[in-house]
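Heads up: the structure comes next, in structure tokens.
For reference, positions follow the sequence shown, starting with 1.
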Amino acid sequence: MCWLSGGLMTVGAGVSHAETIQTEGSYPTREACQDAGPTVKATTPGNWNDFWCVPDRTSAGNWGLVLSN
């Protein structure tokens with residue numbers, strides 16, 4: 001039980017320092033967003049090595065790509 005608690009604390013500390021940026025593109029499906037994710041390059045300096053897809057807040061039914069470091 002103690003090991004699990006320590007692991008969760010470590011994960012929480014790592015996530016708290018991550019920065020995110022949302023890309024300008026919009027994708028018609030989550031699958032299209034997932035397919036594009038590995039090839040998207042940010043112009044904002046940083047080590048943007050992870051991504052995920054979220055519902056697009058400005059275009060109903062579409063998906064936006066978020067990068068994190």
Under 3.5 Å, which donor-acceptor pairs link side chains of residues 39-54 to any protein atom two or more places apart or in another chain?
residue, atom, partner, partner atom, Å
Thr39, OG1, Ala36, O, 3.0
Trp48, NE1, Thr44, O, 2.8

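Judged purely by atom type and a 3.5 angstrom limit, Ser68 has no side-chain atom pairing as donor or acceptor with the backbone of Thr20.
Taking a 6.0 Å sphere around CD of Gln22, one finds it holds more than 12 heavy atoms contributed by other residues, nucleotides or ligands.
Under the side chain to side chain donor-acceptor pair (under 3.5 Å) criterion, Thr29 pairs with no residue, sequence neighbours left out.
Nearest heavy atoms, Glu19 versus Asn69: N-OD1, 2.9 Å. The minimum heavy-atom distance linking Trp63 with Cys33 is given by the pair CB-CB, 4.0 Å.
At a cut-off of 3.5 Å, with distance as the only test, a side-chain donor of Asn62 or Ser59 sits close to an acceptor on the other residue.
Atoms CG and CG, on Leu65 and Asp35 in that order, are 11.0 Å from each other to the nearest 0.5 Å.
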